[in-house]
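Scroll down for the structure; my scribbles are underneath it.
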Amino acid sequence: MKIFRTTSELLKWRKEGVSGLLGFVPTMGALHEGHASLLRRARKESDVVVLSILVNPTQFGDVSDLENYPQTLEKDLKVAEKECVDAVFVPTPEDLYGGTPAAESVDWGAITSDFEAAFRPGHFDGVVAVVDKLFTVTTPDKAFFGEKDLQQVAVIRKLASLYHKNVTIVSCDLIRDTDGLALSSRNIRLSDEGRKTALELSKSLKCVLTSSNKEDQIQIEASRLNSTEGVDLGYIAGVNEFTYSKNDAPETWTHVIITAEVEGVRLIDNIRL
Ligand code: AMP
């Protein structure tokens, strides 16, 4: 397995010529089974698999979230070996951005202004900036993203359709732990008690899924979560994964999405309807 620590090393390797279809999995590291599932899908659908690991500063609004973001590179490289990754790209932010990391503002309508975008101003600007740079240096044929970050998939599809037309975006299933909690690198910051509280999110999503009146059930779950100790609910809503418009009728919803803070840890989850 090759490890490239600078953009120029990766570019040199790409120039030398890689034979076959290149599948790319961008991550921020602290790899878990959710990331591994993306790597497996990429392995199945590509000849060469490239994984990138970079905690991207421009997508964090909250400095303490960035500072506390877990970094487990040695362990991550073992996961990559196990999943038969061909090359791991681990640049510094300064190297990838060619200077101080910065992101321009992106306005693509509801997908970059509502829900996650509204709760985390500037977040998708940073995501677009880093993925644009990663696509430019990696030039993949396919790139694999998790449905765990459903709105991000919509944003990346738009980015690819505008600026990286040769990259096919593959959206991969959300992976949960056995207790139902959506896997996330941030979960390790939860105490046992916090983890139990966090399970209320996936429970609510399941209740909406099985309800005959999803609109009403969303309201019921919102008030239940608002009165649950330890849960600071951001939103729970039905959306169409392609538009993210608040005007979409319930019949056009594809998912119910939710976000909340538990013990200061931002959790995000969704369920396909
Ligand atoms: P991150 O390292 O959190 O930026 O995530 C890197 C990629 O892994 C993104 O495409 C995420 O959506 C995906 N991912 C993270 N957690 C999960 C999960 N539980 N299931 C599926 N994909 C995931």
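Both counts, for ligands and for their atoms, begin at 1 and track the order of listing. Quick caveat: nothing in here was measured; it's all calculated off a predicted structure. Position 1 is the first residue of the sequence; numbering continues from there.
Thr243 and Asp248 share a side-chain donor-acceptor pair at under 3.5 Å. Side-chain atoms of Arg176 and Ser202 include no donor-acceptor pair closer than 3.5 Å.
Looking at atom 15 (C) of ligand 1, its nearest protein heavy atom turns out to be His32 CE1, 3.9 Å. Nearest protein heavy-atom contact of atom 4 (O) of ligand 1 is Met28 CG, 3.6 Å. The protein atom (non-hydrogen) at minimum distance from atom 10 (O) of ligand 1 is Gly146 N, 2.9 Å. Remark: minimum distance from atom 12 (O) of ligand 1 to any protein heavy atom is reached at Asp149 OD2, 2.6 Å. Summary of contacts: the protein heavy atom closest to atom 21 (C) of ligand 1 is Asp173 O, 3.3 Å.
Atom numbering of ligand 1 starts at 1 in the shown order; those under 4.0 Å from a heavy atom of Tyr69 are 3 (O). With ligand atoms numbered from 1 in the order given, ligand 1 contributes 20 (N), 21 (C) to contacts under 4.0 Å with heavy atoms of Leu174. For ligand 1, the atoms sitting less than 4.0 Å from at least one non-hydrogen atom of Phe145 are 10 (O), numbered in the order shown with element in parentheses.
The proximity of His35 to ligand 1, defined as any non-hydrogen pair under 4.0 Å, is limited to the side chain.
Between Asp95 and Lys133 there is no salt bridge, since none of the side-chain N atoms of the basic residue sits less than 4.0 Å from a carboxylate O of the acidic one.
Taking 4.0 Å as the cut-off, Pro26 counts as a neighbour of ligand 1 on heavy-atom distance.
Considering backbone and side-chain N/O of Leu183, one or more are found under 3.5 Å from N/O of ligand 1.
In this structure, CZ in Phe242 is found 9.0 Å from CG in Leu150, a value given to the nearest 0.5 Å. Atom-to-atom distance recorded for Glu221:CD and Arg224:CZ is 5.0 Å, nearest 0.5 angstrom.
Annotation: side chain of Ser185 is in contact with side chain of His35 (closest heavy-atom distance under 4.5 Å). At least one side-chain heavy atom of Val256 sits under 4.5 Å from a side-chain heavy atom of Leu273.
Residue nearest to atom 17 (C) of ligand 1, selected from Lys148, Arg41, Gln59: Lys148 (by heavy-atom distance). The option with the heavy atom closest to atom 13 (C) of ligand 1, from among Leu38, Ile175, Leu31, is Leu38.
Phe24 and Phe144 have their aromatic ring centers separated by at least 6.0 angstrom.
In this structure, Asn166 contributes its side chain and Asp141 its backbone to no donor-acceptor pair below 3.5 Å.
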